[in-house]
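Contents: one structure, followed by commentary.
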Amino acid sequence: MDILAELNPAQKAAVEAINGPVLILAGPGSGKTRVITHRVAYLIRVVGVNPRRIMAVTFTNKAAREMEERLNQLVSASVKDLTLGTFHAICARILRLDGQAIGVDKKFVIYDDDDQIALIKRSLQDLALDPKQFAPRALQSVISSAKSQMLGPADLPGKSYFEEVTRRVYERYQELLAASSALDFDDLLMRTVLLFRKQKDILAKYQARYLHIQVDEFQDTNLVQYELIKLLAGKYRNICVVGDPDQSIYSWRSADIRNILNFEKDFPDARVVLLEQNYRSTQLILDAATCIISANRQRKPKDLWTKNEKGLPPLLIETYSEDEEARFVVNEIDNLVRAGEVRSGDCAVMFRTNAQSRVLEEAFIRYGMPYKLVAGTRFYERREVKDVIAYLRLIQNPNDTVSLMRVINVPQRGIGERSLDELTRWSREQGVSEYQALRLLAESADSGAEMPLSARTVKALAGFAVMLERLIERSREVDIMVLFDLVVEGSGYKQYITGLIDGEERWENVQELRGVAQDYKDLKPGEGLTALLEGVALVSDVDSLPEKQETVTLITLHQAKGLEFPVVFIVGMEEGIIPHYKSIDDPAQLEEERRLCYVGITRAKRKVYLVRAFRRHLMGSSAVNKPSRFLLDIPEHLLARGGVREKEDEWSSASIDATEKAIKSDEDLPVVKAGEHVRHDQFGEGVVVNYHKVKNDAEVVVAFDGVGVKRFLLSFAKIDKV
DNA sequence: CGCAAGTACCTTTTT
DNA sequence: GGTACTTGCG
């Protein structure tokens with residue numbers, strides 16, 4: 001099979017440019033994934049590069065898995081040797097192997113969001129600070145953002161009282177992490193960079209190994225991640241980054257769009273390849289999307305085009321309430337499926353916030369239409385799953401205090417808050433971890449005399465220590481499945497959980513986790529445990545999205561990135577939702593909201609429904625919402641309307657309107673289209689943001705660089721296309 | 001110490 | 001509207 005055969009010229013160029021730095025700017029649906037996989041296949045098959053010497057970084061584990069699958073088809077040789085995964089997974093691997101050089105415990109555990117919050121609360125407690133005054137969530141986000149820029153506590157400003165507190169909490173938080181031999185997500189990245197900076201020999205080892213490095217979704221990397229690949233690529237400089245600034249939607253997670261801009265600065269000899277042909281969407285959908293994104297000031301213009309058929313313009317559906325909105329969606333999907341137009345698995349409903357999913361779910365349930373919610377109660381965030389993981393983590397690393405505190409009294413062992421406070425206090429006094437304190441207690445009952453604890457409590461604590469001790473011993477001998485069962489039964493957890501009201505369901509979840517463990521059953525004792533824990537720490541919900549959906553997908557706009565569906569509904573197209581009210585007064589955040597909207601629309605292959613409700617319940621009270629400003633960016637001829645209908649079966653008339661519109665706009669194509677670049681004698685260059693017909697003329701709305709938005713009648717304006 | 005009921009709180013997106 | 005945390009009682 002010729003790897004280059006099925007690629008267009010731009011894609012081919014992107015695949016063949018294997019020497020030196022390459023920046024691939026890839027529009028939505030431009031075959032980006034295909035280019036990346038083919039590039040790796042090309043390196044292996046045609047150039048003859050050893051897979052061991054290639055690193056490919058993806059945004060999600062799912063993307064990594066998919067890439068592996070595709071590569072297996074393209075390349076007969078084993079791709080197992082490839083370094084393929086997310087930044088976090090790759091860094092975890094590096095640290096596990098070489099982290100000791102900078103004092104990272106070989107047995108480190110990875111703390112997720114919840115664990116971080118728990119630890120920050122402890123930090124606040126230690127510092128005698130009020131968690132109400134200093135919201136743990138806010139602190140977490142400050143700390144995370146600091147780490148994303150390689151800033152330690154000392155690098156933070158300490159001017160105001162709040163800043164001073166933040167700094168102290170950050171400091172304490174790090175101490176507690178270290179005491180627990182734990183790393184949080186940001187540490188995985190930051191420590192790896194530190195490792196490379198401090199241990200030149202280790203860096204040299206990795207640099208020598210990786211002849212080729214590829215990074216996907218580059219627009220969503222943060223500074224640390226960029227630093228990391230710059231270090232890794234330091235020797236051979238064969239670095240290829242792929243991204244689309246217009247799809248950058250993670251700046252709140254410290255993703256820095258400057259990475260893309262700086263890339264060309266840091267690598268002046270970088271080859272830039274543009275992928276502008278869209279293979280996914282119909283013409284009108286692409287046009288509407290272009291109009292929306294063109295209104296952003298902070299962007300490099302891009303000329304997306306497609307050979308696909310014209311199709312139908314996006315449909316604007318205006319409903320009275322969010323209930324009606326949900327009913328419309330279900331009803332319309334039902335119509336489409338009945339008409340044989342699509343299968344329900346072809347449809348996705350996208351929303352800005354998870355809270356919006358509830359009403360949708362209710363409607364789907366009421367109509368008996370099956371659906372799959374991508375971000376429901378997340379599996380790995382379920383209490384029972386976290387509990388069992390906490391037990392497993394304790395076996396791997398008993399100093400993991402967050403896990404210890406989590407399960408020491410689950411099931412109840414008569415160890416209350418007071419006793420735990422006392423335990424913490426005492427262990428600090430002794431300068432040992434809580435776990436070591438427990439062991440001391442268990443070994444010599446006399447030392448308990450120093451603590452103001454009842455004999456009963458000491459017994460309970462010692463009992464827990466003995467149990468844990470036994471599990472740790474056994475873990476060295478048995479495989480992960482045996483260990484799993486030992487943990488669940490030996491700790492009394494099984495009995496506890498099955499005894500709860502919803503025990504059956506919870507037990508099923510524990511069993512599901514057991515199923516995950518099965519993947520690691522052939523590994524050696526200990527290794528299997530480490531691998532399992534690492535696996536569960538770094539997965540997300542999108543990862544579990546099955547390949548071929550037979551049901552409607554309910555998904556957030558963020559999670560939808562990288563996916564595609566024939567039919568897309570975006571609900572809640574209202575001011576305050578998209579754009580989210582928290583983003584409205586910050587221009588930069590507003591642009592991100594716009595990109596989010598753009599991402600949503602460009603997921604669609606054939607049909608887009610933009611749905612809004614006049615009235616919506618938000619936290620109990622009801623609010624009247626204006627239509628999203630992004631709707632105003634779509635010119636008349638690119639937007640069909642379906643009004644509010646009393647009877648549900650009349651809703652489908654919206655599709656007729658759309659069809660008519662598509663035909664009508666075909667007859668008299670506008671002289672200029674929204675999204676096009678124009679020049680005006682007086683105002684300079686700008687982008688057409690809107691175009692619609694008025695009587696015998698047309699009104700054009702143009703956003704000029706540095707001037708602002710101007711309106712013209714087409715017949716009078718002196719406008720030329722650029 | 002454990003449980004039940006009540007309260008205050010919030011609400012963006014997630015590797 | 002739901003949850004996470006507090007309070008009060010057995």
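A, B, ... follow the sequence lines: proteins, then strands. Residue 1 opens every chain. Heavy atoms only: backbone and side chains are in, while hydrogens, waters and symmetry mates are out.
In this structure, A:Gln412 reaches the sugar-phosphate backbone alone: every heavy-atom distance under 4.0 Å involves primed, P, OP1 or OP2 atoms, never a base. Residue A:Phe87 is out of contact with every strand shown, counting any heavy-atom pair closer than 4.0 Å. Among the protein residues, A:Asp184 comes within range of no part of the nucleic acid, since none of its heavy atoms lies under 4.0 Å from any strand.
For the pair A:Gln559 and B:dT14, the criterion of a side-chain N or O lying under 4.0 Å from OP1 or OP2 is met. Between B:dG2 and A:Asn409, a contact under 4.0 Å exists linking OP1 or OP2 to a side-chain N or O. At least one side-chain nitrogen or oxygen of A:Asn354 sits closer than 4.0 Å to the OP1 or OP2 atom of B:dT13. The side chain of A:Thr556 contributes an N or O atom lying less than 4.0 Å from OP1 or OP2 of B:dT14.
No hydrogens or angles considered: a donor-acceptor pair under 3.5 Å links the side chains of A:Gln396 and A:Thr530. Of the N and O atoms on the side chains of A:Tyr226 and A:Asn262, not one donor lies less than 3.5 Å from an acceptor on the other residue.
Atoms CD and CD1, on A:Gln125 and A:Ile120 in that order, are 13.5 Å from each other to the nearest 0.5 Å. Taken to the nearest 0.5 Å, the OH atom of A:Tyr170 stands 9.5 Å off from the OG atom of A:Ser144.
In terms of position along DNA chain B, the nucleotide closest to A:Arg418 lies nearer the 5' end than the nucleotide closest to the other residue of the pair A:Arg418 and A:Gln140. Residues A:Asp186 and A:Arg413 each lie close to DNA chain B; by heavy-atom proximity, the contact nearer the 5' end of the strand is made by A:Arg413.
A:Leu563 has its CG atom 12 Å from the P atom of B:dT14, to the nearest Å. Between the NE2 atom of A:His580 and the P atom of B:dT14 there is a distance of 12 Å, rounded to whole Å. Between the CG atom of A:Asp114 and the C1' atom of B:dT14 there is a distance of 12 Å, given to the nearest Å. Here the C1' atom of nucleotide B:dT14 and the CD1 atom of A:Ile249 are 10 Å apart, to the nearest Å. Going from atom CG of A:Asp216 over to atom P of B:dT15 covers 15 Å, rounded to whole Å. A straight line from OH of A:Tyr111 to C1' of B:dT15 spans 18 Å, rounded to a whole angstrom. Between the CG atom of A:Asp112 and the C1' atom of B:dT15 there is a distance of 11 Å, given to the nearest Å. Rounded to whole angstrom, the span from the NZ atom of A:Lys62 across to the P atom of B:dT14 amounts to 14 Å.
Under a 4.0 Å N-O distance rule, the pair A:Lys386/A:Asp112 qualifies as a salt bridge.
The ring of A:Phe218 has its center no closer than 6.0 angstrom to the ring center of A:Phe59.
Under the 6.0 Å distance and 45° angle rule, A:Arg413 does not count as a cation-pi partner of A:Phe464.
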Measure all distances between protein nitrogen or oxygen atoms and nitrogen or oxygen atoms of nucleotides 2-10 of chain C, and list the pairs falling under 3.5 Å.
unit_1: C:dC5; atom_1: OP1; unit_2: A:Lys121; atom_2: NZ; d: 2.4

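Distances were taken from every side-chain heavy atom of A:Ser419 (C-beta onward) to each of B:dC1, B:dT13, B:dT15; the shortest belongs to B:dC1.
Judged as a side-chain hydrogen bond (donor to acceptor under 3.5 Å, both in side chains), and not counting sequence neighbours, A:Thr86 has no contacts.
Residue ring and nucleobase are stacked for A:Trp252 and B:dT13, with a centre distance beneath 5.5 angstrom and an angle between planes beneath 30°.
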